[in-house]
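Reviewing the structure listed below.
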Amino acid sequence: MTGIVIIGAGQAGASLAAKLRATGFEGPLTLIGEEHQPPYQRPPLSKQYLLGEMELERLFLRSDAFYAEQKITLRLGKPVTRLDPAARTVTVGGEVLGYDKLALTTGAVPRSLPADIGGELEGVHTVRTLDGIDAMAHEFRRGARLLVVGGGYIGLEAAAVAAKLGLKVTLIEAAPRILGRVACAETADYFRDLHTRHGVEIREGTGLKRLLGEARVTGAEFTDGTRIEADFVIVGVGIRPETSLAEAAGLAVENGIRCDAQGLTSDPHIWAAGDCASFPGATGRMRLESVGNAIDMGELVAANMLGADRAYDAKPWFWSDQYDVKLQIAGLGTGADRIVGRHDANAEGGGTSHWYYAGDRLLAIDAMNDPRAYMVAKRLIEAGRSPAPGIVADPATDLKALLKAPAQ
């Protein structure tokens, strides 16, 4: 018996491995990671860890003792260079490993700037890995000039950290507004105002023409012809699923490694989970980039590798920390035609929430410093229940009572 091999030692891979053991799998189990570190949390990298508020050891998902006790073999620091589905083998570090079943949890990689506009200059960074964060940490000196390219959550989180540390921050977004792909205009307005109050200059509808400098970045020229000086740059223009290994092996790919509802790929011995995997959802094929999805799908795939035959029912949730604001998101707002705003003066920090509706159906919520609204909306969305928009908007409404109200 050659056992189960998992390629990708992130949140999904670690969750999958732990669940296999918890569910009773006793055979050989190998978890392969390209990075040198054992599985760790990625979200704190651009938040607490970059701020110096979280020690390295707290990033790790499990202790070394856990992997030893559970007889999970970690192979770290070397990428898998070949996957051969016909022979059921993977090549890593020049060694060929066999498998009975395989899981791909290869995650995603950040999109970078083209070399011909300065993307490979020294001082240009992306936010994704622990090594990447460590490489840029020394740049965060009080008074340094930072250019953030991209107004999504990664870019905004990096801007918030830099502003808190006393840097001069300029953020550009080529689209008409920040958070254009992931949040409603009302939530974008909230965070634009938040960052502006903390001294960040946000320039929307402004693209990057090129970065300036010879060996190291010294500034940038924008598409409107203006130039600024910059000591370093953080690029936050999205991520793409890591499918190169799957594609080379001939697996079906469709906005990620194509899976069925159980997480099985086009090969009967290979599963996929996490950021790299696309799967059928209620409104069509979908792919989610979140810790929640990595954990839930990883655990589901573990069960299915052992014969559970369960379909994945995604329950999307996300979060972001910026300054003293915790944003919590539940559901997916795609297709919303109405945003209902609510302000809770009694919430710590003055809670604000935006509820996404398609007609009378509740789709999602963005809750800023309002954990009560988030908790209630998440449970309602997952139960398929939709309180009337007018009731949600009424500040006199007791949100918890909505959970006890008869289904509509």
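One-based numbering along the sequence shown. Here the structure is a predicted model, which is why all the values come from computation and not from measurement.
- Two rings, from Phe60 and Tyr40, have their centers 6.0 Å or more apart.
- A donor atom on one side chain and an acceptor atom on the other are not found under 3.5 Å apart for Tyr374 and Asn369.
- Under a 4.0 Å N-O distance rule, the pair Lys168/Glu201 does not qualify as a salt bridge.
- Under a 3.5 Å cut-off, the side chain of Lys71 and the backbone N or O of Tyr67 do not form any donor-acceptor pair.
- Of the N and O atoms on the side chains of Asp260 and Tyr312, not one donor lies less than 3.5 Å from an acceptor on the other residue.
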Quiz prompt | Candidate pair Asp84 and Arg88, rule salt bridge (charged side-chain N to carboxylate O under 4.0 Å, His left out), full reasoning | solution = CA-CA 6 Å; Asp84 186 340; Arg88 284 197 236 172; over 6 Å; no
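- Between the side chains of Glu242 and Thr106, no donor-acceptor pair of N or O atoms lies under 3.5 Å.
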Exercise. Could you walk me through whether Glu157 and Lys326 pass salt bridge (charged side-chain N to carboxylate O under 4.0 Å, His left out), step by step?
Key: CA-CA 11 Å; Glu157 288 170 0; Lys326 174 172 281 296; over 6 Å; no
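- For NZ of Lys101, the number of neighbouring non-hydrogen atoms (other residues, nucleotides, ligands) closer than 6.0 Å is greater than 12.
- Listed for the Arg21 side chain is a donor-acceptor partner under 3.5 Å among the backbone atoms of Gln70.
- Looking only at distances, no side-chain donor or acceptor of Arg287 sits under 3.5 Å from a matching main-chain atom of Glu254.
- Atoms CZ and OG1, on Arg342 and Thr352 in that order, are 11.0 Å from each other to the nearest 0.5 Å.
- Glu139 and His125 form a side-chain donor-acceptor contact under 3.5 Å, judged by distance and modelled atom types alone.
- By the 4.5 Å heavy-atom criterion applied to side chains, Met375 and Lys400 are counted as neighbours.
- Side chains of Gln328 and Asp370: a donor-acceptor N/O pair is absent below 3.5 angstrom, by distance only.
- For Ser266 (side chain) and Ala252 (main-chain N/O), a donor-acceptor pair under 3.5 Å exists by modelled atom type.
- Using a 3.5 Å distance cut-off with no hydrogens or angles, the side chains of Thr226 and Arg203 do pair a donor with an acceptor.
- For the pair Ser353 (side chain) and Ala367 (backbone), a donor-acceptor distance under 3.5 Å is absent.
- Atom CG of residue Asp309 and atom CG of residue Asn304 lie 6.5 Å apart, to the nearest 0.5 angstrom.
- Put simply, the residue from Tyr153, Phe318, Tyr190 that forms a side chain to side chain contact (heavy atoms under 4.5 Å, CB included) with Leu327 is Tyr153.
- Residues satisfying the side-chain hydrogen bond (donor to acceptor under 3.5 Å, both in side chains) criterion with Lys378, sequence neighbours excluded, are Glu382.
- Ring-centre distance between His195 and Tyr323: below the 6.0 Å cut-off.
- Taking all atoms of both residues into account, the shortest heavy-atom contact from Gly33 to Ala9 is CA-CB, 3.6 Å.
- Inter-residue side-chain proximity for Val291 and Trp319 is flagged as met; some heavy-atom pair is nearer than 4.5 Å.
- Taking the ring centroids of Phe232 and Phe140, they lie under the 6.0 Å cut-off.
- In this model, a donor atom of one side chain and an acceptor atom of the other lie less than 3.5 Å apart for Thr2 and Asp100.
- Other residues, nucleotides and ligands place more than 12 heavy atoms under 6.0 Å from the NZ atom of Lys47.
- No more than 12 heavy-atom neighbours from other residues, nucleotides or ligands sit within 6.0 angstrom of NZ on Lys78.
- Leu45 places none of its side-chain heavy atoms less than 4.5 Å from the side chain of Leu50.
- Looking at Thr129, its side chain does come within 3.5 Å of a backbone N or O of Gly132 through a donor-acceptor pair.
- Side-chain N/O atoms of Glu204 and Thr206 include no donor and acceptor closer than 3.5 Å.
- By the 6.0 Å contact criterion, CZ on Arg285 is enclosed, its count of non-hydrogen atoms from other residues, nucleotides or ligands being greater than 12.
- With no hydrogens or angles considered, a side-chain donor-acceptor pair links Tyr356 and Asp366 at under 3.5 Å.
- Side-chain atoms of Ser386 come within 3.5 Å of backbone N or O of Leu362 as a donor-acceptor pair.
- Ion pairing of Arg258 with Glu247 is absent here, as no side-chain N (NZ or NE/NH1/NH2) approaches a carboxylate O to less than 4.0 Å.
- No donor-acceptor distance shorter than 3.5 angstrom exists from the side chain of Arg192 to the backbone of Thr196, with no hydrogens or angles considered.
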